[in-house]
Amino acid sequence: MTDVPDIPTEQIQQRVVAMWLGSFYGSSGYVAKRLGKKGLREFQDMGAHQVADTFKRLELSEPKDLAIAVATNDKNLFGSVVSVVEGDGWVEIRRDKCAIKEGINAFARLGAGLVAKQHCKTCVESHWRKVFADLGMKLEVEETDEGCVMKVYRS
């Protein structure tokens with residue numbers, strides 16, 4: 001029998017990012033090709049609503065709890081450098097290094113047609129803004145060179 005090697009955490013996270021990007025853009029591309037822009041928007045809306053519904057079922061209803069959940073996944077699954085900062089009535093998810101954005105840049109170097117700016121807009125406008133709106137919250141986003149700052153507060 002041949003031993004199956006262990007993979008270091010950083011390599012696991014890189015593979016998770018690559019699988020996530022491939023699945024997301026593969027599915028989105030197929031939906032857009034078959035159903036057009038309207039179909040793609042409906043597909044993205046469904047995904048955002050499902051995420052919001054999951055948060056509701058997990059009874060995550062406070063901005064801080066949601067920010068910690070998002071940051072925990074970003075850090076542990078993808079390898080992002082992320083923190084959560086609380087203020088008076090708001091919370092920030094600070095991605096000092098977004099592993100998804102880094103993954104997109106790696107794919108771009110290999111010739112893939114993904115551009116980080118386009119992805120960041122899709123991430124914010126077609127996903128997180130809708131997720132937080134479903135949960136009765138507002139979202140402000142500031143992009144940085146390697147990530148972003150998402151400020152979440154109650155509507």
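Note that the structure is a prediction, hence the values are computed from the model and not measured. Side chains are part of it too, since the values below use all heavy atoms of this structure and drop only hydrogens, waters and symmetry mates.
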**OP:** For side chain to side chain contact (heavy atoms under 4.5 Å, CB included), just list the numbers for R15 and I7, CA-CA rounded to whole Å, side-chain angles, deciding distance to a tenth of an Å, and then say yes or no.
**Re:** CA-CA 10 Å; R15 290 177 186 200; I7 301 172; 3.1 Å; yes
Original post:
Taking side chain as C-beta onward, heavy atoms only, is L135 less than 4.5 Å from L66?
Top reply: yes
**OP:** List the atom of Q44, the atom of S126, and the distance in Å for their closest heavy-atom pair.
**Re:** OE1-OG, 3.3 Å
Subject >> M150 vs F132 side-chain heavy atoms within contact, under 4.5 Å >> reply: yes
**OP:** Locate the shortest heavy-atom distance separating G147 from C98; write the atom from each residue and the value.
**Re:** CA-CB, 3.9 Å
Original post:
Any idea how F55 and W128 line up, ring-wise: parallel (<30°), tilted (30 to 60°), or perpendicular (>60°)?
Top reply: parallel
Subject >> N73 and F78, any side-chain heavy atoms less than 4.5 Å apart >> reply: no
**OP:** Indicate yes or no: at least one non-hydrogen side-chain atom of S28 is less than 4.5 angstrom from one of L40.
**Re:** yes
Original post:
Do K151 and K138 have side-chain heavy atoms sitting under 4.5 Å apart?
Top reply: no
**OP:** Determine the minimum heavy-atom distance between A71 and V84, stating which atoms define it.
**Re:** CB-CG2, 3.7 Å
**OP:** Apply side chain to side chain contact (heavy atoms under 4.5 Å, CB included) to E42 and K38, showing your working.
**Re:** CA-CA 6 Å; E42 289 174 11; K38 183 179 178 197; 3.4 Å; yes
**OP:** Any chance you could measure L77, atom CG, to M19, atom CE, to the nearest 0.5 Å?
**Re:** 11.5 Å
**OP:** Check for a donor-acceptor pair, side chain of D65 on one end and backbone N or O of S61 on the other, with a separation under 3.5 Å.
**Re:** no
Original post:
Considering only heavy atoms from C-beta outward, does the side chain of I100 approach that of F24 to under 4.5 Å?
Top reply: no
Original post:
Does the side chain of E102 come within less than 4.5 Å of V17's, by heavy atoms?
Top reply: no
**OP:** State plainly whether the residues E146 and R95 are in salt-bridge range, i.e. N to O under 4.0 Å.
**Re:** no
Subject >> Reported CD-to-CD distance for the pair E10 and Q14, which is rounded to 0.5 angstrom >> reply: 5.0 Å
Original post:
When you check the gap from the basic side-chain N to the acidic O, do E92 and R94 get nearer than 4.0 Å?
Top reply: yes
Subject >> D45 CG to R41 CZ distance, which is reported to the nearest 0.5 Å >> reply: 8.5 Å
Original post:
Picking from V51, L139, V70, what satisfies side-chain contact (heavy atoms from CB on, under 4.5 Å) with V131?
Top reply: V51
